[in-house]
Amino acid sequence: MSEAALRANLPQSLLPVPLTVGHVDPGSLDDQVLAFPAKRPPKVWYMALAFTLSLFLMGAGFMVYTVYTGIGVWGNTSPVFWAFDIINFVFWVGIGHAGTLISAILFMFRMRWRNAIARFAEAMTIFAVICAGIFPALHTGRPWLDFFLFPYPNQRAIWPNFRSPLLWDVFAISTYFSVSLMFWFLGLVPDLASLRDRTDKKHKVRKAVYTVLSMGWRGAASHWRHYEKAYLLLAGLATGLVLSVHSVVSFDFATSIVPGWHMTIFPPYFVAGAIFAGFAMVVIVLVVVRETMQLRNLITDYHLEVMNKVVLAMSCIMGYSYFMEGWTAWYSQNEYLTHAFKNIIGGTYGWAGWLTIGCNIAIPQLYWFKKCRTSYFWMIFVSIAVTVGMWFERFVIIVISLHQDYLPSAWRVYRPTLVDFGILIGSFGLFFTLVLLFARVLPVIATTEVKAILPGAQPKHGGHGHE
Amino acid sequence: MSNSEHPVPDPETAPETAPQTPVAPTNVPEDGHTEAVDKTDRGRDDAFLVLGLFENTDALMAAIPKVRSKALGRLEAYTPYAVHGLEDALGIRQSPLGAMVMVMGTLGAITAFACQYWISAIDYPIVTGGKAPWSWEAFVPIMFEVTVLFATFTAGLGMLLLLNKLPFFGHPVLSSRAMSAITRDKFALSVEAEGASRAALDTRAVTQALKEVGAVSIEIVPQPEPAPVFTAEFVLRAIGGIVTACVVAGASMYGAVKWFPELPPMTHMLEQRKLMPQKSSSFFRDGHGMQLPAPGTIARGYLPLGASSQDEAAELVNPLPRDIATLELGKQKFTERCAVCHGALADGNGSLTAAYGAKPANLQSAQFQRYSDGQIYWVIVNGKNAMPSHAADLSADQRWAVVHYVRALQRAQNAKDQDLNP
Amino acid sequence: MTDAKAKSPVILLGMTGLGALGVALSFIRNSHERFWVNWIYWFVVLFTLGIGSLFIVALQHLVSARWSIPIRRVPERLATLLLPVIPVALIGLMAVRVLYPGAQPEALHDHVLAGKVWWLDLPMFSLRTVLVLVAATLSLGVLVRGSLRQDKTKDPGFTVRARKFAPGFMLVFAFLVTIVAFDWISGLTPDWYSDIFGVYLFAGSFLSALAASSLSVVLLKRGNRLVEVKPDHLYNLGGFTFAFTVFWSYIGFAQYMLMWYANLPEEVHWYHQRLHGGWHTVTVVLAVLHFIVPFFALSTRDAKSDPKRLAVVALIMLGAHLLDLYWLIFPVLGEGPSFTWTELSFALFFLGVGLLWLRQAFTWGDDMPVGDPFLREGLEFRL
């Protein structure tokens with residue numbers, strides 16, 4: 001059969017899907033995406049910002065109250081010494097991982113569909129890490145002394161304890177934040193140059209800001225050579241971080257001997273969970289963005305469907321992990337571990353265990369059906385379920401294992417306080433405030449990267465086609 | 001391509017550099033005919049580079065080898081995104097960034113390990129959680145993260161600052177008319193003068209060559225006007241900047257180290273509401289924080305005797321064993337407390353006797369030889385006649401040890417033949 | 001078939017025959033423990049290679065990758081090793097009562113094992129093994145036989161079916177590898193457990209299959225087959241090998257570090273045995289061969305697409321995988337690391353059988369899946 005005839009006979013499902021809908025060329029792309037930073041946002045943006053900002057300010061108020069009065073205003077007490085603080089920390093760090101996976105790992109695999117969403121996803125990573133960083137900073141009780149964590153020569157003649165996973169966490173999160181920021185910023189430089197060149201001279205401040213931030217980028221081929229190399233190297237390095245950062249976070253638990261925490265599967269299980277929660281959050285945000293900013297031709301149905309497939313895959317990995325934990329609880333024949341596991345599906349917090357399993361394993365199975373993968377209602381429903389489920393998963397791991405471990409005389413029920421909830425809600429407020437501000441000020445789609453993958457963007461001469 | 005005309009020049013991005021000798025921009029219609037541009041033979045003297053704009057990457061890539069073969073100057077391209085194969089076509093060298101990152105990453109790994117090792121195993125070694133000071137397993141996560149950190153900063157900052165020499169806002173292309181097209185959707189090939197002498201650029205030949213390969217518009221970018229660096233303005237600004245930086249740094253340090261720690265809540269642990277020595281307290285009637293212990297309080301090691309008279313005390317049994325340690329203790333305490341009055345041999349010939357005119361008991365006498373241990377103990381605790389109580393000075397064990405020692409002294413002064421070892 | 005290949009049957013047959021002799025002798029003369037340890041060792045080697053290769057095939061269908069289409073036939077053929085694995089596994093079941101404490105009568109009196117004897121004992125063990133073999137064989141049929149058939153029919157329907165089958169296969173694959181890891185390897189010390197063990201074996205299987213595939217591609221190219229496969233394709237193979245070397249090391253280190261950190265006696269004894277005496281040397285060599293060497297050898301871009309370097313690293317990786325499984329399994333004998341004529345015979349026999357099988361398998365179907373509708377795009381892939 002001839003090549004053409006072969007292609008003509010292809011079933012629908014095998015036909016390649018275009019990454020942009022309708023006519024898109026570099027000029028129209030710039031006009032569509034780069035116009036936003038220049039114009040006033042719609043009223044709904046202001047309303048949304050007012051809402052998220054008020055949530056954040058409320059949360060900030062509770063944070064100030066905590067610092068001023070003490071950690072006693074939280075629900076943390078023996079034996080549940082870690083509660084909302086660490087749950088929220090792990091939750092937000094996890095959300096950040098999706099951005100890095102999309103930016104870095106999908107780049108390494110040359111998945112071109114990632115170009116349209118990488119900028120936003122990477123920005124979400126940075127905002128998520130900012131939200132995450134609040135919690136370890138606050139939970140020390142005297143946050144102004146948090147610099148003690150860094151190994152600098154001091155007159156107290158004392159160093160931090162390098163054998164503690166909490167210190168590994170400090171380094172891991174700092175590195176993750178720095179690398180994400182660097183990677184995101186480098187990707188922005190050519191786009192900022194575009195913005196600089198589009199900005200009229202009469203907007204002095206804006207032009208100056210774009211000029212300085214774009215660092216005088218002029219698109220020289222000799223510069224692109226180094227730039228592309230740096231981008232590839234950063235993507236490779238960030239790939240390593242996706243695995244390592246959440247693994248180090250999992251070490252906070254797995255290195256201990258608390259029953260239910262000391263499971264060797266924690267590192268990859270946490271990483272999978274992070275990607276899972278992160279992708280769900282990215283889906284929610286992108287649905288809102290593509291609708292409110294009319295970007296459906298760039299953030300296409302295909303993008304959303306593929307991301308939902310990733311969510312499904314991660315849900316299956318989580319299912320495997322939960323199964324292994326449960327099965328190992330039996331296989332170990334260790335009464336403490338078995339007891340901890342029974343507390344997950346029964347006892348005071350059994351409802352949280354079932355909520356976790358339902359939201360993380362059962363509900364995402366809807367994504368086996370194409371209809372659910374491509375429908376806004378089901379997407380948002382599943383994504384919210386996953387977000388809730390993944391928060392509760394950390395709750396299950398931390399609170400359930402801690403509230404009843406080896407010594408029955410130390411068993412106690414944990415009750416969160418209003419301040420705990422207030423700070424959690426405030427962190428969501430902060431995250432979405434930053435997202436809204438980002439969408440207002442910077443290009444939400446990496447126009448430079450999308451231009452490079454448009455049909456006809458690369459020269460056909462020399463056999464440099466695309467797969 | 002939607003935009004088939006050459007880019008609309010933005011009059012407000014006119015270069016602030018050299019005064020531009022107006023040159024009619026070449027407007028190349030679609031059929032490729034060109035109009036003559038320059039009237040002079042070699043073209044302009046002050047050209048820095050000549051830009052030829054192309055509509056798409058195929059046109060650019062096709063143009064490069066032809067222009068390159070004419071050897072008119074150094075070739076560079078300006079594109080809105082990275083174009084595959086462009087650098088190779090232009091003969092641009094591979095980037096050394098990979099090797100740089102590898103070296104710095106390795107340095108990061110070594111630094112992290114070395115620092116952790118020195119801190120944990122040499123400078124202040126402590127065993128934590130049963131783990132030896134040199135626990136290499138624990139150092140691996142941080143080593144990995146620091147490796148990535150070093151590598152990342154090398155890749156990012158090395159690329160920007162070192163290799164691309166950015167930020168740099170003075171390149172003439174930035175103020176050219178074509179710049180906004182370059183970052184939007186056009187692809188520019190530029191020919192610069194090679195070598196130090198800028199006058200070597202033959203703009204007419206370059207323009208001709210670019211037109212031949214299908215450039216849709218040509219722009220000659222003039223050289224920037226040489227400006228002196230150390231103007232009065234620059235020096236003033238620099239000094240002002242340094243002064244400002246110093247002031248800000250100083251103020252920040254002061255704020256961080258002196259002012260900030262003295263604000264609440266940082267001071268909360270200094271002013272504590274708990275009761276501390278010398279503090280007053282409204283809890284007690286007399287307003288004093290420090291109070292005497294309640295009546296009947298017994299200090300540790302000073303349990304009551306359980307006997308109310310010396311005769312009752314006679315039944316107390318010495319709980320300490322009669323061994324060398326006890327006798328040593330007894331000797332020490334006796335010498336400290338008792339010998340001054342009762343004498344070193346417990347015979348009543350102490351050193352204070354003559355001065356005070358007192359008559360301490362001669363413990364070698366028969367009366368005291370007949371005393372039981374408990375009776376001696378009673379006297380130590382309660383005193384007798386002129387002898388005060390020594391209960392506060394000796395703990396129970398010490399008192400019993402003294403009793404043993406007194407017994408030993410008594411025996412020593414009344415030794416019998418059979419006490420000597422044959 | 002080139003001359004080199006035409007010569008090899010004699011060598012291979014000789015090798016296999018010699019090995020078979022040694023194996024038979026060892027059954028008669030040796031302690032049965034050593035015999036069976038070797039047998040199950042080679043079962044795991046062949047199984048991991050086969051299932052890892054099948055994973056590669058399924059992965060390509062799962063993500064609809066195009067670049068790997070030209071070389072997909074290689075892992076498909078490697079995956080057929082799962083067929084000779086069936087008799088090896090079934091015979092290996094005779095090792096269960098000999099080697100696995102959970103299946104021995106003493107287990108009923110051990111307080112840790114007593115509660116799970118019903119799971120560890122031969123009947124359930126065999127049931128799980130049979131299920132694994134059935135599932136693997138069925139998957140082989142769908143993915144590999146379908147692909148071979150597509151060569152002739154050129155029916156795109158297979159590609160559609162394979163893409164639909166792949167996600168389900170991945171779910172099943174996770175459990176296949178986990179079952180084999182827990183039953184055949186970790187079951188040798190049934191009081192010990194590590195729930196990452198399935199992931200660890202997966203990493204090793206995937207890497208060994210990648211290595212075998214890379215090596216095969218390079219060798220085929222040297223024999224003037226797979227001519228259209230470019231360095232760009234090799235780069236991707238090299239890149240995956242590099243990335244998953246890091247992944248395997250991460251899993252291995254995570255398991256070790258967590259057990260070292262908590263220092264629980266019931267976990268640490270497994271490592272204690274492997275970190276003292278002769279086994280300590282093996283551990284160090286394993287870390288060097290399985291991580292350090294491939295990591296530094298493949299770190300540059302040129303290295304990843306250089307066929308010679310790729311082939312050498314692939315060979316080292318296969319050796320490292322063999323060493324990894326040796327390090328996992330052989331300490332059960334309770335001695336230091338040993339390589340006696342028994343091990344040599346088993347190696348000759350199983351390597352011979354494996355290579356003979358593969359020699360046949362590499363004649364099945366075309367060298368590239370010519371029926372795949374996207375083969376052209378796959379060949380046009382450039383970095």
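Here the structure is a predicted model, which is why all the values come from computation and not from measurement. Quick note on labels: first sequence line is chain A, next is B, and so on, each numbered from 1.
- Put simply, the side chain of B/V146 does not reach to within 4.5 Å of the side chain of A/T175, judged on heavy atoms.
- Of the atoms belonging to B/F153, heavy atoms from both backbone and side chain fall under 4.5 Å from chain A.
- Contact check for B/S180 versus A/R196: no side-chain heavy atoms found under the 4.5 Å cut-off.
- Pairing each heavy atom of A/T448 with each of B/P80, the nearest pair is CG2-O, 3.2 Å.
- Counting heavy-atom pairs closer than 4.5 Å to chain B, the top residue among A/S214, A/S244, A/G456, A/S178 is A/S244.
- Heavy-atom distances place the side chain of A/V248, and not its backbone, under 4.5 Å from chain B.
- Inter-residue side-chain proximity for A/W144 and B/P265 is flagged as met; some heavy-atom pair is nearer than 4.5 Å.
- Side-chain contact between A/R225 and B/D88 is present, with heavy atoms from C-beta onward closer than 4.5 Å.
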With side-chain hydrogen bond (donor to acceptor under 3.5 Å, both in side chains) as the test, would you mind laying out the steps for A/R163 and B/S135 before giving the verdict? CA-CA 8 Å; A/R163 275 153 283 168; B/S135 302; 4.6 Å; no
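- When all heavy atoms of A/L237 and B/A151 are compared, the closest pair comes out as CD1-CB, 3.6 Å.
- Closest heavy-atom contact between A/T211 and B/F169: O-CE2, 3.0 Å.
- In this structure, the side chains of A/D31 and B/R184 come closer than 4.5 Å at one or more pairs of heavy atoms.
- Contact between B/M159 and A/L186 at its shortest, heavy atoms only, is CE-CD2, 3.6 Å.
- With a 4.5 Å cut-off on non-hydrogen atoms, A/A238 does not touch chain B at all.
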